[in-house]
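The block underneath contains the structure these notes are about, expressed in structure tokens.
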Amino acid sequence: MTLRVLELNDKGLRLSDGSGVLHSSPGYALVSPQAIEFGDSALSQSRLNPLNSYNQFWHRLSVDPFARPVAHFRHNADIAFSHLQHLAEQTQLEGDVLLALSGSFSREKMAILLGLMKQSPMNAVGIVDASLAATIDRHDAETILHADLELHQVVLSKLRKVGGDWKREGVLLVPSAGWDNISENLMQLFTNAFIQQCRFNPQHNAASEQMLFEGLPHYLQEYNADQSAQAADESQSSLKIKLQHNDNVHEISLPRSSVYSRLNAFYQKILQQLASLDDTGGSPLFVSDRLGQLPQVLDVLGQHQGCLREVQMLSEDAVAHSCLRYSDALVSGADAVRFVSQLESKREEPQPISHRDAQSPQATHILYGHCAVPLRAGVLIRQLGTGAEQGVRVRIVTDAPDKLPSNAIALAQISVNNGQYTVHQNEALTLNGVKIAASEVLALGDDLQFPSLSESLKLIAVQEQDA
């Protein structure tokens with residue numbers, strides 16, 4: 001029977017197998033006299049029926065009785081169990097499942113979850129820390145950080161290399177920084193703009209409020225898609241938002257700076273907690289796709305007291321892919337289900353020099369246009385300006401950079417380890433004309449081409465003159 005992975009994050013419970021993510025079900029329940037609905041269906045009615053909508057049953061998973069009856073549900077564990085049953089029905093899921101849980105799950109919550117699983121069609125055969133699974137093969141630093149977005153909080157994890165193992169060492173929660181809080185803040189920002197510009201309050205009508213709420217992810221996608229085309233002065237660049245109510249179409253123009261300002265308030269809370277986990281800023285940070293899709297979050301989280309931290313966004317199947325790769329070590333015996341927070345990595349250690357150029361001189365600089373910058377400690381590649389002013393700034397990672405404009409876009413980072421250079425991308429990148437994955441080993445003569453840049457960057461060797 002096929003082994004599947006259930007990544008339990010209330011922003012979207014993800015069920016995956018070897019082919020990728022099969023289904024995602026947000027942690028919403030709609031309890032009405034007519035029916036009880038879960039996932040996307042409940043989410044799409046949450047503003048139409050706010051008094052009957054629930055989204056904290058995973059966040060506050062317990063068997064503590066409700067103060068007032070909620071249909072036939074006695075407590076949050078009852079609602080969570082029904083959500084699991086709904087997920088199983090939607091996906092025809094039965095049989096063995098590996099559970100990936102964030103650091104927000106206490107031992108008590110794990111015990112409750114396993115009790116629920118035993119009553120469901122699913123058979124939990126192992127539990128792994130999600131941050132460990134997401135990052136185990138990603139880097140060879142001594143410590144790494146992981147950040148994930150849930151409905152009601154952000155979860156930060158610190159992992160440390162212990163011999164050949166990676167071990168989750170610490171967890172910090174950032175309360176009131178989850179998607180529910182962010183979306184409420186953005187709803188208020190957009191509502192105020194509609195009132196000021198159109199004399200229309202979308203939250204005075206349940207249908208228009210629901211439409212605005214469901215449109216938030218789309219508006220943020222538009223923000224990201226158009227970011228590389230913004231004017232040099234970001235405050236002059238606006239986001240266009242339309243809402244149809246009855247036969248009228250209402251449109252507002254919202255400065256991107258105001259959207260960013262609202263989001264940045266949440267980002268700063270995350271930065272503060274990151275500093276508690278890693279006060280030097282030297283540990284690379286891996287950000288889940290749920291968090292990484294928020295506008296400019298990678299740039300902000302890459303800042304640490306005037307220095308730059310290496311930040312990478314993970315794909316949506318990062319956790320599931322590692323769970324299946326390490327399934328032999330994660331699947332428990334028949335006697336008891338184990339929780340794995342320490343695991344030996346199968347990641348191969350990098351070779352001193354790329355195999356493609358073992359006999360060639362080593363690259364020493366990266367060239368863009370007429371400017372060559374030393375690679376000695378690695379570089380961060382950022383784009384400044386657009387259109388006629390389009391350009392790139394290449395900066396030594398270990399140097400304290402000057403304050404970059406708010407429209408600076410992180411394109412990629414080149415790290416160095418044992419004399420080997422590796423590029424980690426934030427934007428689509430081709431290496432010598434071929435699209436690459438999230439990271440790739442580089443060698444002398446390689447050409448890096450980004451869609452937003454007119455010229456490529458090239459790895460070169462600068463010879464020192466003999467004395």
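Sequence positions, counted from 1, serve as the residue numbers for this chain. Side chains included, hydrogens not; waters and symmetry mates left out as well; all remaining heavy atoms used. The shown structure was predicted, so the numbers you read here are calculated from the model rather than taken from an experiment.
A 4.5 Å side-chain heavy-atom check between Asn9 and Ser102 finds every atom pair outside the cut-off. Looking only at side-chain heavy atoms (C-beta outward), Ile36 and Ser82 stay at 4.5 Å or farther from each other. Residues Leu114 and Phe339 have side chains not in contact (no heavy-atom distance under 4.5 Å, counting atoms from C-beta outward). Counting heavy atoms from C-beta on, the side chains of Trp166 and Thr135 never come closer than 4.5 Å. By the 4.5 Å heavy-atom criterion applied to side chains, Phe38 and Leu87 are not counted as neighbours. In this structure the side chain of His152 reaches within 4.5 angstrom of the side chain of Asn55, judged on heavy atoms. Side-chain contact between Phe266 and Val174: absent, with no pair of heavy atoms (C-beta onward) separated by less than 4.5 Å. The closest side-chain heavy-atom distance from Asn205 to Asn246 is not below 4.5 Å.
Between the side chain of Ser53 and the backbone N or O of Pro50 there is no donor-acceptor pair closer than 3.5 Å. A donor-acceptor pair under 3.5 Å is absent between the side-chain atoms of Lys269 and the main chain of Val154, judged by distance alone. A donor-acceptor contact shorter than 3.5 Å links the side chain of Asp10 to the backbone of Leu151. Of the possible donor and acceptor atoms, none in the side chain of Asp165 sits under 3.5 Å from a partner among the backbone N and O of Lys167. Asn76 places no side-chain N or O within 3.5 Å of a backbone atom of Asp64 that could act as its donor or acceptor partner. Counting only distance, with no hydrogens or angles, the side chain of Ser332 and the backbone of Arg338 share a donor-acceptor pair below 3.5 Å. With hydrogens and angles ignored, the 3.5 Å screen pairs no side-chain donor or acceptor of Asn49 with any backbone N or O of Asn52. A side-chain donor-acceptor contact under 3.5 Å links Gln45 to the backbone of Ser41. Looking at Asn201, its side chain does come within 3.5 Å of a backbone N or O of Gln203 through a donor-acceptor pair. Looking at Ser261, its side chain never comes within 3.5 Å of a backbone N or O of Ser258 through a donor-acceptor pair.
Among the candidates Ser44, Ser208, Pro202, Ser46, the single residue satisfying the side-chain contact (heavy atoms from CB on, under 4.5 Å) test with Phe213 is Ser46. Among Lys158, Arg160, Arg309, the one residue that satisfies the salt bridge (Lys or Arg N to Asp or Glu O under 4.0 Å) test with Asp278 is Arg309. The residue from Tyr54, Phe73, Tyr28, Phe57 that alone fulfils the ring-ring contact (aromatic ring centres under 6.0 Å, His included) condition with His83 is Phe57.
Contact check on Arg14 versus Asp289 returns a salt bridge, with a Lys/Arg side-chain nitrogen under 4.0 Å from an Asp/Glu carboxylate oxygen. Looking at Arg290 and Asp148, a side-chain N of the basic residue comes within less than 4.0 Å of a carboxylate O on the acidic one, giving a salt bridge.
When all heavy atoms are compared, the tightest approach of Ser322 to Ile136 is OG-CG2, 4.1 Å. Scanning all heavy atoms of the two residues, the minimum distance from Gln210 to Arg47 falls at OE1-N, 2.7 Å. Nearest heavy atoms, Lys109 versus Arg60: NZ-N, 4.5 Å. Across Tyr223 and Leu239, no two heavy atoms sit closer than the pair N-CD1, 4.0 Å. Across Gly39 and Ser25, no two heavy atoms sit closer than the pair CA-OG, 3.4 Å. Asp129 approaches Leu132 most closely through the heavy-atom pair OD2-N, 3.0 Å.
By the side chain to side chain contact (heavy atoms under 4.5 Å, CB included) test, Asn264 is found to be paired with Tyr260, Tyr267, Gln268, Val300, residues two or more places apart in sequence or in another chain being considered.
Rounding to the nearest 0.5 Å gives a distance of 6.0 Å between CG of Leu431 and CG of Leu442. How far CG of Leu159 is from NE2 of His146: 8.5 Å, rounded to the nearest 0.5 Å. Separating the CE atom in Met313 from the CG atom in Leu301 is a distance of 12.5 Å, to the nearest 0.5 Å. Atoms CE and CG, on Met211 and Leu48 in that order, are 10.0 Å from each other to the nearest 0.5 Å. Taken from CG in Leu113 to CG in Leu61, the straight-line distance is 7.0 Å, to the nearest 0.5 Å. Separation of atoms CG (Leu101) and OG (Ser106) is listed at 10.5 Å; rounding is to 0.5 Å.
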Item to complete: Could you walk me through whether Ile79 and Phe66 pass side chain to side chain contact (heavy atoms under 4.5 Å, CB included), step by step?
Response: CA-CA 11 Å; Ile79 304 180; Phe66 290 136; 3.8 Å; yes
Practice prompt. Report the C-alpha separation of Leu298 and Val287 in whole Å, then their side-chain angles, then the decisive distance to 0.1 Å, and conclude whether the side chain to side chain contact (heavy atoms under 4.5 Å, CB included) test is met.
Written response: CA-CA 8 Å; Leu298 299 181; Val287 176; 4.1 Å; yes
Discussion item. One pair to check against side chain to side chain contact (heavy atoms under 4.5 Å, CB included): Leu3 and Asp17. What are the steps and the verdict?
Written reply: CA-CA 7 Å; Leu3 178 64; Asp17 64 9; over 6 Å; no
Discussion item. With side-chain hydrogen bond (donor to acceptor under 3.5 Å, both in side chains) as the criterion, how do Arg262 and Asn185 come out once you've worked through the C-alpha distance, each side chain's angles and the decisive distance to 0.1 Å?
Written reply: CA-CA 7 Å; Arg262 291 295 181 106; Asn185 205 291; 2.8 Å; yes
Discussion item. Working note: His139 + Glu310, criterion side-chain hydrogen bond (donor to acceptor under 3.5 Å, both in side chains); need CA distance, chi angles, decisive distance, verdict.
Written reply: CA-CA 11 Å; His139 212 284; Glu310 179 183 347; 3.2 Å; yes
Discussion item. Between Glu150 and Ser104, does the side-chain hydrogen bond (donor to acceptor under 3.5 Å, both in side chains) criterion hold? Intermediate values first, please.
Written reply: CA-CA 10 Å; Glu150 298 183 348; Ser104 64; 3.2 Å; yes
Fill in: Residues Ser415, His424; criterion side chain to side chain contact (heavy atoms under 4.5 Å, CB included); working and verdict
CA-CA 8 Å; Ser415 62; His424 313 276; 2.8 Å; yes
Discussion item. Set out, in order, the CA-CA distance, both residues' side-chain angles and the distance that settles side-chain hydrogen bond (donor to acceptor under 3.5 Å, both in side chains) for Asn192 and Gln188, then state yes or no.
Written reply: CA-CA 6 Å; Asn192 292 341; Gln188 193 58 54; 3.0 Å; yes
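More than 12 heavy-atom neighbours from other residues, nucleotides or ligands sit within 6.0 angstrom of CD on Gln244. Enclosure of atom CD in Gln272 is not indicated, since only 12 or fewer non-hydrogen atoms of other residues, nucleotides or ligands lie within 6.0 angstrom. Heavy-atom neighbours of His321 NE2 from other residues, nucleotides or ligands within 6.0 Å: at or below the threshold of 12.
No close placement of the His250 and Phe194 rings is indicated, their centers lying 6.0 Å or farther apart.
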